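Per chain, numbering begins at 1; letters A, B, ... match sequence-line order. Just so we're clear, the structure is a prediction, and the values are computed from it rather than from any experiment.
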Amino acid sequence: MALRFKNSFSRVKEDFVPIEDGKVKIYTCGPTVYNFQHIGNFRTFMWGDILRRYLKYKKYDVTYVMNITDIDDKIIRDSQAQKKSRKEFIQTYVDAFLEDLDSLGFLKPDVQPYATDHIDGMVEMIQKLVERGFAYEIGGNYYYKISAFKDYGKLANLDMDGLKVGARVSADEYEKDSASDFALWKAYQETDGDIFWDTPIGKGRPGWHIECSVMSQKYLGNHFDIHTGGVDLMFPHHENEIAQSEGCTGSKSVNYWLHGEHLIVEGKKMSKSVGNFFTLRDIIEKGYAGVVVRYLLSSTYYRQQLNFTFQGLDAARSSLERYNDFITNLESYAGGESDNSAAEFIAKTKKGFEDALDDDLNVSGALGVVFDFIRDINRLKAENKLSADERDNALTAMLSFDSVLNFRYHISSDDSDSSEIESLIQQRADAKKNKDFALADKIRADLLEQGIILEDSRDGTKWKKKV
RNA sequence: GGCGCCAUGGCCAAGUGGUAAGGCAAGAGUCUGCAACACUUUUAUUCUCCAGUUCGAAUCUGGAUGGCGCCUCCA
């Protein structure tokens, strides 16, 4: 099967054909750094990571850009409330975000541009849009004239003529030709304090949407392959991005628009007032490793709502242990007689894995195939029908699947307490030899208390950390 | 009001016209000093409901019910 994606623009699955053979350019709308990112944010970034890893698995040369929005109304409001400079304020959340990406096992974006480093580019684009008749200025504010862009509303399937002018629109503090026109540049106001830029188009700050047009163009060119984000960004953000980019160049900007559904918690929209709002940090504090969250967030098809529950998180942890135990146990398996069935299992799994992911990133389907594989190989192992060569081939296959999933977790060998654990395991082995099972069980229970799980096998006792 | 998504076993979830993957949980067994790991095995004549199309429907059509989202803050 050929790789295909459901394109939000056409609303159907389309075969993926890159603009440049063998290369894929992807832009993802990154976080606005006014707070710690919540698990819903990470759900969106997560399938972006899977997408990117799978394209690499398919031998594409991938360029992945994820921006950081470091200027917006909330950043101004909250940094002032905390009496911090904008830079100082955002740094906390940028650092936290990068740490979070790391604990969730993300590949680092190839380019991670900051909005405020691209003010010049934004000014140039706004000037160009004015020249081309897509933008106008009123009292130092610049607006995009959506009536000038004939395809406006096409991505979100909105009929702009039929839009009601609601309370939020009329409450806008700036004057505009049309209520639906959106801000490209906001003139300086006293309440902005020291947050402003002096530019050829005046003193002020950029609107939200212009940054993504400028940064995607700068790092990926006027025309690139894939743009991702959450469904809520489809309108107005991505609609506006298209209007800006294409108004500026006069040609198509993005081939495939991918939008992920939201995460809900215990069946309800996540909100602070309901008390079901979680940052990644909240979850980790409850004792779950990042990789457990990764498993849960990535295991559901991205265009389907994901219902986050702690029961689900516990199930994810158990699944993940099976996945990792499989790899660990296979690595230490000495190898036996072959019955020549392993090659077939490997080929079948590889095909099933790729067919599933080729079909618009069906991770659930791919996981089903991988768990079939785990059972098939474990059975061969149990019956001693897997040779050392077959073991190596199975491991290679599994690790190639894991280059996409990244569910493998490692026990650090330089762990400071690992020698202590080894010595306790030795004490337990001695106790077992002396039939002092009470002591042996106590050692095992004590270690479990510290999050260390012991597993006895013919080849001795292994230990692993609880995730 | 307009646009759109979803409903599959106790929980999660794939399958989109050919007779219900997979994971978790639970029960039974093998292994084990006991566990854990692993293996074997049991658990949906049935896919929210009602009609229809078809030789055949979880899958297509119409309707109903329930849940969710977007319609200028939002992943």
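For the pair A:Gln244 CD and B:U72 P, the computed distance is 18 Å after rounding to whole Å. Here the C1' atom of nucleotide B:G4 and the CG atom of A:Leu155 are 13 Å apart, to the nearest Å. Between the P atom of B:C68 and the NZ atom of A:Lys269 lies a distance of 11 Å, rounded to the nearest Å. If you take CZ of A:Phe97 and C1' of B:A75, they are 10 Å apart, rounded to a whole angstrom. Separating the CG atom of A:Leu263 from the C1' atom of B:G69 is a distance of 14 Å, rounded to the nearest angstrom. Across the protein-nucleic acid pair, A:Leu313 atom CG and B:C24 atom C1' stand 12 Å apart, rounded to whole Å. For A:Asp372 and B:G15, the CG to P distance is 15 Å, given to the nearest whole Å. Note: CD (A:Glu261) to C1' (B:C70) measures 10 Å, nearest angstrom.
Toward the 5' end of RNA chain B, the nearer of the two residues A:Arg11 and A:Ala366, judged by each one's closest nucleotide, is A:Arg11. Each of A:Leu367 and A:Met270 was matched to the nucleotide of RNA chain B holding its nearest heavy atom; the match closer to the 5' end belongs to A:Leu367.
Residue-level contact check: A:His237 touches neither bases nor backbone, having no heavy atom under 4.0 Å from any strand. Across all strands, A:Gly230 comes closer than 4.0 Å only to sugar-phosphate atoms, never to a base (heavy-atom distances).
Ring centroid separation for the pair A:Tyr54 and A:Tyr57 comes in under the 6.0 Å cut-off. In this structure, A:Phe16 has its ring center under 6.0 Å from that of A:Tyr256. In this structure, the ring of A:His259 has its center less than 6.0 angstrom from the ring center of A:His238.
Residues passing the salt bridge (charged side-chain N to carboxylate O under 4.0 Å, His left out) test with A:Asp49, sequence neighbours excluded: A:Arg53, A:Arg294. Legend: residues meeting ring pair (Phe, Tyr, Trp, His ring centres under 6.0 Å) with A:His38, ordered by chain and number and at least two apart, are A:Phe277. Legend: residues meeting salt bridge (charged side-chain N to carboxylate O under 4.0 Å, His left out) with A:Glu137, ordered by chain and number and at least two apart, are absent. In this view, A:Tyr64 satisfies the ring pair (Phe, Tyr, Trp, His ring centres under 6.0 Å) rule with no residue, not counting sequence neighbours. With sequence neighbours excluded, the residues forming a salt bridge (charged side-chain N to carboxylate O under 4.0 Å, His left out) with A:Lys432 are A:Asp456, listed by chain and number. Every residue meeting the ring pair (Phe, Tyr, Trp, His ring centres under 6.0 Å) condition with A:Phe407, not counting sequence neighbours, appears here in chain and number order: A:Tyr295, A:Tyr323. With sequence neighbours excluded, the residues satisfying salt bridge (charged side-chain N to carboxylate O under 4.0 Å, His left out) with A:Lys385 are A:Glu383.
If you take atom C1' in B:U32 and the same atom in B:C37, they sit 11 Å apart, rounded to whole Å. One C1' atom belongs to B:U8, the other to B:U19, and the distance between them is 15 Å to the nearest Å. Taking atom C1' in both B:A44 and B:A13, one finds a spacing of 14 Å when rounded to whole Å. For the P atoms, the distance from B:G18 to B:A58 is 11 Å, rounded to whole Å. Here the separation of B:G62 from B:U54, taken at their C1' atoms, is 16 Å to the nearest Å. Taking atom C1' on both nucleotides, B:U59 is separated from B:U53 by 14 Å, rounded to a whole Å. Distance noted for atom P between B:U46 and B:A20: 12 Å (whole Å). Comparing the P positions of B:A57 and B:A51 gives an interatomic distance of 14 Å, to the nearest angstrom.
Set against B:G23, B:U72, B:A75, the side chain of A:Ser180 has B:U72 as its closest nucleotide.
Identified under the ring pair (Phe, Tyr, Trp, His ring centres under 6.0 Å) test for residues 355-384 of chain A, with sequence neighbours left out: none. Counting only residues at least two apart or on different chains, no salt bridge (charged side-chain N to carboxylate O under 4.0 Å, His left out) pair has a member in residues 227-238 of chain A.
The side chain of A:Asn157 places an N or O atom within less than 4.0 Å of a non-bridging phosphate oxygen (OP1 or OP2) of B:G4.
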How would you summarise protein contacts on nucleotides 32-44 of chain B per nucleotide, using B for base, S for sugar-phosphate only and - for none, with heavy-atom distances below 4.0 Å? -BBBBSSSS----
Go along nucleotides 6-14 of chain B 5' to 3' and tag each nucleotide: B for a protein heavy atom under 4.0 Å from its base, S when only backbone or sugar atoms are that close, - otherwise. -----S-SS
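Taken together, the paired segments of RNA chain B that extend over three or more consecutive Watson-Crick or G-U pairs, each closer than 3.5 Å at both contacts, are B:1-7 with B:65-71, B:10-12 with B:22-24, B:26-30 with B:38-42, B:48-52 with B:60-64.
Applying the 6.0 Å contact sphere to NZ of A:Lys13 captures more than 12 heavy atoms from other residues, nucleotides or ligands.
Stacking is found between A:His262 and the pyrimidine-like six-membered ring of the B:A75 base under the 5.5 Å centre-distance and 30° plane-angle cut-offs.
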